[in-house]
Visitor: 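Mind looking over this structure? Questions follow.
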Amino acid sequence: MAVVVGFLANNEGRAALRGGIAEAGLRGEDLVVLVYPIQGPEPVDVSATAAEARATLADAGVSGDIREPVRSEDLAEELLRVAETSDANLIVIGLRRRSPTGKLILGSNAQRILLDSPTPVLAVKP
């Protein structure tokens, strides 16, 4: 059994990683971290995001399985796949505040994960 964390190198992702570390410790379960680069106009190297996740785990004195996306550019789909293959008991994601209009107009990975996951999801804010 495992706790799976979706990690992006932003405040929400860092909060999710801290929450995942805490939950894995409380539950006595393995920690699986799916690192995903923040998309922008420039190509992003996911190895820098993975290095940040490894450093955070090392600072916390815990070990974890750091994974990079392998199948999809769709973060929600990839996170749910990793949770399924890891036999996850919990998924931890970071949330950001969005206006009601923003929620209506723009799709949200967090919303898709919350609605589509057969596994309980812990959503944390920075």
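All heavy atoms count here, side chains included; hydrogens, waters and symmetry mates do not.
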Visitor: Report the C-alpha separation of Tyr36 and Glu68 in whole Å, then their side-chain angles, then the decisive distance to 0.1 Å, and conclude whether the side-chain contact (heavy atoms from CB on, under 4.5 Å) test is met.
Guide: CA-CA 7 Å; Tyr36 203 82; Glu68 297 177 12; over 6 Å; no
Visitor: Between Glu84 and Arg81, is there a salt bridge with N-O shorter than 4.0 Å?
Guide: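 Judged by the 4.0 Å cut-off on N to carboxylate O distance, Arg81 and Glu84 do not form a salt bridge.
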Visitor: With a 4.5 Å limit on heavy-atom distance, are the side chains of Asn109 and Ile93 in contact?
Guide: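 No, every pair of side-chain atoms sits at 4.5 Å or beyond.
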Visitor: In a check of side-chain contact (heavy atoms from CB on, under 4.5 Å) between Leu31 and each of Asp65, Leu57, Val4, which one passes?
Guide: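 Single side-chain contact (heavy atoms from CB on, under 4.5 Å) partner of Leu31 among Asp65, Leu57, Val4: Leu57.
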Visitor: Could you report the tightest heavy-atom contact between Ala16 and Gly6, atom names first, then the distance?
Guide: CB-O, 3.8 Å
Visitor: What I'd like to find out is whether the side chain of Thr56 reaches to under 4.5 Å of the side chain of Arg14, using heavy atoms alone.
Guide: no
Visitor: For a quick test of reading the model, state the closest non-hydrogen atom pair linking Ala15 to Pro126 and the distance between them.
Guide: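 Closest heavy-atom pair between Ala15 and Pro126: CB-CA, 3.7 Å.
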Visitor: How close do Val35 and Ala53 get, counting heavy atoms only, and between which atoms?
Guide: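 Shortest heavy-atom separation between Val35 and Ala53 comes out as CG1-CB, 3.8 Å.
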Visitor: Using the rule given for side-chain contact (heavy atoms from CB on, under 4.5 Å), can you reason through Leu8 versus Leu75, listing the C-alpha separation, both sets of side-chain angles and the distance that settles it, and then say yes or no?
Guide: CA-CA 10 Å; Leu8 291 99; Leu75 176 58; 3.7 Å; yes
Visitor: Under 4.5 Å between side-chain heavy atoms, counting indirect links through other Ile/Leu/Val/Met/Phe/Trp/Tyr residues: same cluster for Met1 and Val121 or not?
Guide: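 In one cluster: no.
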Visitor: When you compare the side chain of Arg112 with that of Asp74, does any pair of heavy atoms fall below 4.5 Å?
Guide: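 Yes; the side chains approach each other to less than 4.5 Å.
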Visitor: Pairs in or reaching into residues 19-31: which pass side-chain hydrogen bond (donor to acceptor under 3.5 Å, both in side chains), with residues at least two apart or in two chains?
Guide: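 Output for this query lists Glu23-Arg27, Glu29-Asn89.
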Visitor: Which pair of heavy atoms, one from Leu34 and one from Pro69, lies closest together, and at what distance?
Guide: CD1-N, 3.8 Å
Visitor: Might you work through the side-chain contact (heavy atoms from CB on, under 4.5 Å) test for Ile91 and Val82, ending with a clear yes or no?
Guide: CA-CA 10 Å; Ile91 297 172; Val82 168; over 6 Å; no
Visitor: For the atom pair CD1 (Ile113) and CD (Glu78), what is the distance rounded to the nearest 0.5 Å?
Guide: 11.0 Å
Visitor: For the pair Ser86 (side chain) and Ala83 (backbone), establish whether a donor and an acceptor sit closer than 3.5 Å, ignoring hydrogens and angles.
Guide: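 Answer holds: no.
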Visitor: By the side-chain hydrogen bond (donor to acceptor under 3.5 Å, both in side chains) test, which pairs, at least two apart or in different chains, include something from residues 116-126?
Guide: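 Residue pairs passing side-chain hydrogen bond (donor to acceptor under 3.5 Å, both in side chains), neighbours aside: none found.
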